[in-house]
Structure formats: structure tokens, C-alpha cells
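Okay, structure first, notes after.
Sequence positions, counted from 1, serve as the residue numbers for this chain. Note: hydrogens, waters and symmetry copies are ignored here, and every other heavy atom, side chains too, is used. Order of appearance sets the numbers: ligands from 1, and atoms from 1 within every ligand.
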Amino acid sequence: MRLDAVGLHLSSGDGTIERHWPFAELRAVAPPRTGAPLRLTCATDADARLRLSDAVFAASLRQQAPQLFQTGLARPNVRRNAGIIVLLLLLLALFLWQGLPRLTAPIARLIPLAWEQDIGLAFRTRLLGGARICEGKAGAAALSRLTGRLGAATALPPTLSVVIVDRGMVNAFALPGGHIVIFRGLLAKAKSADEVAAVLAHEIGHVAQRHPTQMALRVMGIGMLGELLSGDGSGLAELAGEIGGTLLLLSYSRDMERQADAYGQDLLRRADLSTNAMARFFARLRGAKKSAERNALTGYFSSHPPLGERIAATDKDEGGQPALDAEAWRDLQAICN
Ligand SMILES: [Zn+2]
């Protein structure tokens, strides 16, 4: 028995046994124990057994084939399977105990970022239908400057993907994986880039706390759980596309809105932007007199209760640099032209 560069060479000397077991194909028949002989086989020679009691030889083998000497949970397959089983049992227990809605926050944190991004994109495609994404060159540059400024002030793992959509509604929303959609109507009603920055900061607050993913979990439910535990995530985007608009019918809880406000305010402060632009925007919309105008205006804000409390919460201090200079702000407002 000897080791060469690629494996273990076995020879009986009289020519009746001549075997070569590559290191990668070696398997331990039983978990190795200190002081006990090592029992080995080879994946390509599965009926054969080798009993190895020479500790020095075992030590040199260990350098070439360390996987043989990992025990119990250290072996990747065992660790992964055990992890999945424990997770499944925990989720099942929690599910029976609390029901799905209470679980969405912890589960959302388990979803890999790449899946979230795919899900977000599928939702966006579905939700926007035929609506055009505005790509005016100067406007896009202004938008990316604004997004970059806020993005730089946050330690978010998802990269933000913000688009302006050519629709008159005064609305904006965040989707899983850092996708944020702002409607042209919101740009038109905003009096300054600071107000758009405030809405954007609020939506980034939802992203940072994974609220959109929690909502997606709520509508995708068990299908998403199953995919999470067993799949590679490829089915999720498809599921998201099928469910589509249901996501927008749900609204965030007041707690989620407060969290997004708090995060948004903090983000604006860190980016050295005005922290009371949001309050100004809200106050103006609340002051909209005619009910028809009000309906057209409040798409975003009706899904963001309670307004009075939020105006107070966001109207704390002034200050900060303008989010964009006058020219870039005009460019942004004209992005759909
Ligand atoms: Zn919100």
C-alpha cells in the first residue's frame, strides 16, 4: 500500500490485487475514531474494504484526503441536511403556533438576495404591465445622482434600482431586492428634488427592513416556503409573475410605516439632505381642497396612514443641502418627455 500524487495504490505483490483509489473517490465506511483502525472504501470500487491501522500512514493520507477525517456535522452534506430539517421543523412549529403573517419578518431574512432581486423584477414587470419606464438621458443622470447620494449614506446590501414610470398617479413603491418605482405624477406634484428625495428615502427604509419581501411572502405563502427549503429559487420569479398585482392590494402596517419614516429621516440626515421636505409634501397634499384633485393626489399617501401623525414625526428639523441643483431637478421632472 502506498500513496502517490493522485491516490492510494494497493497491491498484493503477487499480482492478484492491483487497485488504484483516487483521493477524491475515497470514502470512510464508518466515522473515524481516535485509536481505532480507519475503514475505507472507494466510490468506484464500492464492494472493496480497506482496514488501515497504521497511524503514520493514516496521517499522510489525511493530508491528501482531509474529507475522510471530518466527522459528524463537519461534513457538508450532513450539516446542510440537518440544517434544512431543523429549519423545516422550526418553521412548522412556528407556523402552527403563530400563522404565516407573524413569520414573514424572520423568513424574509432567510431569503437569498439574488432570489429577492429576481422576485422584485418579476413583480415589477407584472405590476407595470405596458407602462413605459422613462429613460430621458439628462433625467436618468439626475436620478442616478440622487439615488447614488442616498445609496452612499446607507449600508444596504441590495443595490438600489430606481425607475420612473410614465403614469400620472402620485405614487411610489418598493419591491423586493431593492427595486423602487416612482410614478411620473409624483415628480410632477413635488415642488423640489428634496421632496422626491424624502419619498425615496422612505421607500429605501422599507427596502432596508425587507418589508416588500415580507409582503411578497404573504401573498406567495406556502409556495415560497417550499421553494425556500428545497429549491434553487428559480420557481419564485415565476410565482411572483403569476401573483403580480395582489402585492399592491396589501398595505404595510403602521409599524412598518413608522420604521420606514424613521429610517428615511435618518438617511436624509446622513446624506445631508433636508429632513422636513416630506412633511411639506404631506402637508400640501392634505391641503388639496377639491376631492377629485385629492383622489388623484393621494394614491401614495392613502396607502401611508396616518398622515397627521407622520407630518408631526417628519417635521422636526430643517437644513441639509439641496438634493439636486435647479437644472438637474428640471431634467428629472422631464425624464419622461
Ligand atoms: Zn411606506
Ile182/Val163 under side chain to side chain contact (heavy atoms under 4.5 Å, CB included): CA gap, chis, key distance, verdict | CA-CA 6 Å; Ile182 297 175; Val163 294; over 6 Å; no
Salt bridge or not for Arg210 and Glu116, using N-O below 4.0 Å?
-> yes
N, O or S from His211 under 2.8 Å to the Zn ion (ligand 1) | no
Residues Thr44, Glu25; criterion side chain to side chain donor-acceptor pair (under 3.5 Å); working and verdict | CA-CA 7 Å; Thr44 52; Glu25 306 291 328; 4.8 Å; no
Angular separation of NE2 (His202) and NE2 (His206) seen from the Zn ion (ligand 1), to 10° = 100°
Is the distance between the Zn ion (ligand 1) and the nearest N/O/S atom of Glu257 smaller than 2.8 Å?
-> yes
Given the rule in the salt bridge (Lys or Arg N to Asp or Glu O under 4.0 Å) test, do Asp255 and Arg258 qualify, once you have shown the distances and angles that lead to the verdict?
-> CA-CA 5 Å; Asp255 274 350; Arg258 275 189 209 104; 3.0 Å; yes
